[in-house]
Chemist: 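Take a look at this one; I'll ask things after.
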Amino acid sequence: MRDVLFIPFYDGIELVVAADGSAAIGEKETDVVRVPYDVVSYFAARVAFMEVLSVGAKPHAVVLQNFVHDEAWETLCNGIRRTCQELHIDIPVIGSSETNFPTLQSAVGITVVGTVQTERKRVGITPKDAKFAVIGEPLVGDEVLKRKERMLSLSLFQALLRQTYVYEIVPVGSKGIYYELQQLLQDNGLSSFSCSCSLPLFASSGPATSVLISYDPHMEEEIKKMVKDLFFSIELRL
């Protein structure tokens, strides 16, 4: 279901697992995008946390897979801690580093594990009269740093999570807005003949720089006041 794995645990509680990976981004000579490792881990952790939080789950642990080199471990952890601080979350980080063989390009994997009460999952709860929009712009690679003001912030993401008139939130990944929209519609037994948006529907949204939301049409102006010029309406023919 979407990019999140749900595993029955006990007494109406489910484990929730989400992950994100990053490759060829870092400080190595052959990396395509050159940025510090704490920035790499910050954005990878951002994606995994957003996936877990968006379905109503509470994160409990972070697993870091470091394929850079052992010396990068603490710097990578610092990036994860920054993500946690912005989300006001305090959970442990565990994982491992590749120490047997050197790699030519940087690679990092981050997994977030959480739990959710089955009856409180924010999945498949969008009514037929809902409207849809994208908050934030799809950005990838160098664009993420050069145009970060167009990216959905974690504080704004959490503000959207708190609103009861926002039914579901789906972080947009590398497959783009159209793919995530089709998944959301499918989860709710809906389908569309066509859709339009002023944003590119098939562009990668990299480290979840934008999210797709379903919401109560009567509260559209309230959402626009909250997100300002990061609001992009999606027009559907269902």
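In this text, all values refer to a predicted model and were calculated from it rather than measured experimentally.
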Chemist: Please round to the nearest 0.5 Å and tell me the distance separating atom SG of C77 and atom CG of D38.
Modeler: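 Atom-to-atom, C77:SG and D38:CG are 11.5 Å apart.
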Chemist: Looking only at heavy atoms, what is the nearest atom pair of S210 and G136, with distance?
Modeler: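 Closest approach of S210 to G136: CB-O, 3.3 Å.
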Chemist: Between R34 (side chain) and I25 (backbone), is there a donor-acceptor pair under 3.5 Å?
Modeler: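 Side chain of R34 to backbone of I25, a donor-acceptor pair under 3.5 Å: no, none is there.
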Chemist: Measure across P171 and V211 and return the closest heavy-atom pair with its distance rounded to 0.1 Å.
Modeler: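 For P171 versus V211, the nearest heavy atoms are CA-CG1, 3.8 Å.
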Chemist: Under the 3.5 angstrom rule, does the side chain of T118 hit a backbone N or O of G12 as a donor-acceptor pair?
Modeler: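 Yes, because the side chain of T118 sits within donor-acceptor range (under 3.5 Å) of the backbone of G12.
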Chemist: Please say yes or no: joined through hydrophobic side-chain contacts below 4.5 Å, possibly via intermediate residues, are W73 and V63 part of one cluster?
Modeler: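 Per the 4.5 Å side-chain linkage, W73 and V63 are not co-clustered.
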Chemist: Taking E143 first and then K146, would you say they form a salt bridge - that is, a charged N and a carboxylate O separated by under 4.0 Å?
Modeler: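 The answer is no: the pair does not qualify as a salt bridge.
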Chemist: So, does N188 use its side chain to make a donor-acceptor pair with the main chain of L185 at under 3.5 Å?
Modeler: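 No, the answer is negative, given that no donor and acceptor are paired below the 3.5 Å cut-off.
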Chemist: Show the numbers, then the answer: is there a side-chain contact (heavy atoms from CB on, under 4.5 Å) between I234 and L212?
Modeler: CA-CA 9 Å; I234 295 179; L212 171 67; 3.5 Å; yes
Chemist: I need the Q186 CD to L181 CG distance, nearest 0.5 Å.
Modeler: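 With rounding to 0.5 Å, CD (Q186) is 11.5 Å from CG (L181).
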Chemist: Does N66 use its side chain to pair, donor to acceptor, with the backbone of S96 at less than 3.5 Å?
Modeler: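 Not at all, since once roles are kept as given, no pair shorter than 3.5 Å links the two residues.
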Chemist: Search all heavy atoms of T83 against all heavy atoms of F49 and return the closest pair with its distance.
Modeler: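 Looks like CG2-CD1, 3.9 Å.
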Chemist: Decide whether Y167 and L190 are clustered together by the hydrophobic rule: side chain heavy atoms of Ile, Leu, Val, Met, Phe, Trp, Tyr closer than 4.5 Å, transitively.
Modeler: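 Result: no, two separate clusters.
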Chemist: Any carboxylate oxygen within less than 4.0 angstrom of a Lys/Arg side-chain nitrogen, looking at K225 and E221?
Modeler: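 Salt bridge between K225 and E221, a charged N being under 4.0 Å from a carboxylate O: no.
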Chemist: For a 4.5 angstrom cut-off between non-hydrogen side-chain atoms, does P207 reach V144?
Modeler: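 P207 reaches V144 side chain to side chain.
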Chemist: Just wondering, more than 12 heavy atoms not from K175 lying within 6.0 Å of its NZ?
Modeler: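 It does not: K175 NZ has 12 such atoms or fewer within range.
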Chemist: Checking the side chain of K148 only, and the main-chain atoms of S153 only, is there a donor and an acceptor separated by less than 3.5 Å?
Modeler: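 Side chain of K148 to backbone of S153: no pair is present.
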Chemist: Show your working on side-chain contact (heavy atoms from CB on, under 4.5 Å) between Y10 and L15 and close with a plain yes or no.
Modeler: CA-CA 9 Å; Y10 71 94; L15 287 176; over 6 Å; no
Chemist: Quick check on the hydrophobic clustering: are F157 and V227 connected, directly or via other members, by side-chain heavy-atom contacts under 4.5 Å?
Modeler: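 Result: yes, single cluster for both.
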Chemist: Check the orientation of Y37 and H69. Use parallel for under 30°, tilted for 30 to 60°, and perpendicular for over 60°.
Modeler: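 Y37 vs H69 ring planes: perpendicular.
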Chemist: Ignoring hydrogens and geometry, is there a side-chain-to-backbone donor-acceptor pair from S205 to G176 under 3.5 Å?
Modeler: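 Side chain of S205 to backbone of G176, a donor-acceptor pair under 3.5 Å: no, none is there.
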Chemist: Start with the C-alpha gap between Y42 and E86, add the side-chain angles, then the distance that decides, and say whether side-chain contact (heavy atoms from CB on, under 4.5 Å) holds.
Modeler: CA-CA 10 Å; Y42 167 81; E86 290 187 15; 2.8 Å; yes
Chemist: For a quick test of reading the model, state the closest non-hydrogen atom pair linking R46 to L152 and the distance between them.
Modeler: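 Looking at all heavy atoms of both residues, the closest pair is NH2-O, 2.5 Å.
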Chemist: Name the one of K58, E14, H60 that satisfies side chain to side chain donor-acceptor pair (under 3.5 Å) with T115?
Modeler: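 Testing T115 for a side chain to side chain donor-acceptor pair (under 3.5 Å) against K58, E14, H60 leaves exactly one candidate, H60.
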Chemist: Rounded to the nearest 0.5 Å, what separation is found between the CD1 atom of I89 and the CG atom of L53?
Modeler: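 So the CD1 of I89 and the CG of L53 are separated by 5.0 Å.
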Chemist: Look only at the side chain of S97 and the backbone of T99, and say whether a donor-acceptor pair between them is shorter than 3.5 Å.
Modeler: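 Judged by distance alone, no pair lies under 3.5 Å.
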Chemist: Between L199 and L201, is any pair of side-chain heavy atoms under 4.5 Å apart?
Modeler: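 Sidechains of L201 and L199: no contact.
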Chemist: If only side-chain N and O atoms count, and only distance matters, is there a donor-acceptor pair under 3.5 Å linking Q105 with T103?
Modeler: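 The answer is no; no qualifying pair exists.
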Chemist: With heavy-atom distances below 4.5 Å as the criterion, would you say the side chains of N100 and E98 are in contact?
Modeler: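 They are in contact (side-chain heavy atoms under 4.5 Å apart), so the answer is yes.
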Chemist: Kindly indicate whether the side chain of V116, heavy atoms from C-beta on, has any atom under 4.5 Å from the side chain of I13.
Modeler: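 They are not in side-chain contact.
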Chemist: Is V68 close to T75 at the side-chain level, that is, under 4.5 Å between some pair of heavy atoms?
Modeler: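 Answer no - side chains too far apart.
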Chemist: NZ/K228 to CD1/I223 distance, rounded to the nearest 0.5 angstrom?
Modeler: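 The CD1 atom of I223 is 13.5 Å from NZ of K228, to the nearest 0.5 Å.
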Chemist: Quick one: does V16's side chain get under 4.5 Å of F6's, heavy atoms only?
Modeler: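 Of all side-chain heavy-atom pairs linking F6 with V16, at least one is under 4.5 Å.
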Chemist: Say whether E168 and T126, considering side chains only, have a donor N or O and an acceptor N or O under 3.5 Å apart.
Modeler: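 Present: a donor and an acceptor within the cut-off.
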Chemist: Look up atom CD in E149 and atom CG in L230, then write down how far apart they are to the nearest 0.5 Å.
Modeler: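 The CD atom of E149 sits 9.0 Å away from the CG atom of L230.
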Chemist: Give a yes or no on whether L154 and V166 share a hydrophobic cluster (residues Ile, Leu, Val, Met, Phe, Trp, Tyr; joining criterion: side-chain heavy atoms under 4.5 Å apart).
Modeler: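 Result: yes, single cluster for both.
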Chemist: Which heavy atom of G26 sits nearest to which heavy atom of S106, and what is that distance?
Modeler: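 Shortest heavy-atom contact: CA-OG, 3.8 Å.
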Chemist: Quick check: do V52 and V4 have side-chain heavy atoms less than 4.5 Å from each other?
Modeler: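 No, too far: nothing below the 4.5 Å cut-off.
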Chemist: Run the side chain to side chain contact (heavy atoms under 4.5 Å, CB included) test against E220 and tell me which residues pass, sequence neighbours left out.
Modeler: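 For E220 the side chain to side chain contact (heavy atoms under 4.5 Å, CB included) partners, ignoring immediate neighbours, are K131, Y215, K224, F231.
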Chemist: For the residue pair L76 and V108, establish whether any side-chain heavy-atom pair is separated by less than 4.5 Å.
Modeler: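 When only atoms from C-beta onward are counted, V108 and L76 do touch, with a gap below 4.5 Å.
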Chemist: For the backbone of C84 and the side chain of D90, can you confirm whether one donor and one acceptor N or O come within less than 3.5 Å of each other?
Modeler: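 Judged by distance alone, no pair lies under 3.5 Å.
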Chemist: Is any side-chain N of the basic residue among R147 and E137 closer than 4.0 Å to the acidic one's carboxylate O?
Modeler: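 E137 and R147: salt-bridged.
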Chemist: Any chance you could measure Y178, atom OH, to C197, atom SG, to the nearest 0.5 Å?
Modeler: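 Reported to 0.5 Å precision, the distance equals 13.5 Å.
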Chemist: Judged by atom type as modelled, is there a donor-acceptor pair below 3.5 Å linking the side chain of E180 to the main-chain atoms of Q183?
Modeler: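 No.
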Chemist: Return the minimal non-hydrogen interatomic distance between S41 and I110, and the atom names on each side.
Modeler: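 In terms of heavy atoms, the two residues are closest at O-CD1, 3.5 Å.
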Chemist: Apply side-chain contact (heavy atoms from CB on, under 4.5 Å) to M226 and L156, showing your working.
Modeler: CA-CA 8 Å; M226 182 189 307; L156 183 53; 3.8 Å; yes
Chemist: Can you get from V47 to L64 by hopping between Ile, Leu, Val, Met, Phe, Trp and Tyr side chains that sit under 4.5 Å apart?
Modeler: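 In one cluster: no.
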